[in-house]
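Everything quoted here is computed from the prediction, not taken from an experiment.
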Amino acid sequence: MIPADFEDRVYEVVRQIPRGKVTTYGQIAYKIGFPKNSRLVGATLKHSKRDKITPCHRVVNAAGRLVPNWEEQRELLLSEGVQFKANGHVDLKIYFWQ
């Protein structure tokens, strides 16, 4: 059963991601004790306000792929020094935050 404070837990972890680093939906789910709920983490972030306090742009999928149709995400990551591989994905070996 998903707790009532699930969203708060997700946002708490996202706020900890350092500038110039990314993490994955699965890693966030793991950190909050729900390792099989990465899709729910994604759904939670999809409905966020994308404010400057919660850097949702620092969350990518397990392959380092960006959110479809959110062009600003790439620009925000580039402004933090995150570079992309030829396929457009973030190199998780370099930029992954656990």
Less than 3.5 Å apart, which donor and acceptor atoms pair up between the side chains of residues 79-91 and the rest of the protein, not counting sequence neighbours?
unit_1 : atom_1 : unit_2 : atom_2 : d
Ser79  : OG     : Leu76  : O      : 2.6
Glu80  : OE1    : Gly20  : N      : 3.1
Glu80  : OE1    : Arg58  : NE     : 3.0
Glu80  : OE2    : His57  : NE2    : 2.8
Glu80  : OE2    : Arg58  : NE     : 3.2
Glu80  : OE2    : Arg58  : NH2    : 2.8
Asn87  : OD1    : His89  : N      : 2.9
His89  : ND1    : Ala63  : O      : 3.3
Asp91  : OD1    : Lys93  : N      : 3.0

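- With rounding to the nearest 0.5 Å, the separation of CG in Leu45 from CD1 in Ile28 is 5.5 Å.
- The nearest pair of heavy atoms linking Leu66 to Arg74 is CD1-CB, 3.7 Å.
- Between Gln27 and Trp97, the shortest heavy-atom contact is CG-O, 4.3 Å.
- Residues Leu77 and Tyr95 are not in side-chain contact: their nearest non-hydrogen atoms beyond the backbone lie 4.5 Å or more apart.
- Proximity of Asn61 to Thr24: side-chain heavy atoms (C-beta onward) are nowhere separated by under 4.5 Å.
- Panel note: side chain Lys31, backbone Val10; no donor-acceptor pair is recorded below 3.5 Å.
- For the pair Gln73 and Val67, the tightest heavy-atom approach, listed with the atom from each and the gap, is OE1-N, 2.7 Å.
- With contacts defined as side-chain heavy-atom distances shorter than 4.5 Å, the pair Tyr11/Arg9 does not qualify.
- Between the side chain of Thr23 and the main chain of Gln98, no donor-acceptor pair closer than 3.5 Å is present.
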Side chains of residues 35-44: which donor-acceptor pairs under 3.5 Å do they make with residues two or more places apart or in other chains?
unit_1 : atom_1 : unit_2 : atom_2 : d
Thr44  : OG1    : Leu40  : O      : 2.8

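- The shortest distance between side-chain heavy atoms of Ile32 and Glu12 does not fall below 4.5 Å.
- Counting only heavy atoms from C-beta outward, the side chains of Val22 and Val59 never approach each other to under 4.5 Å.
- Applying the ring pair (Phe, Tyr, Trp, His ring centres under 6.0 Å) definition to pairs two or more places apart or across chains, those involving residues 17-36 are Phe6-Phe34.
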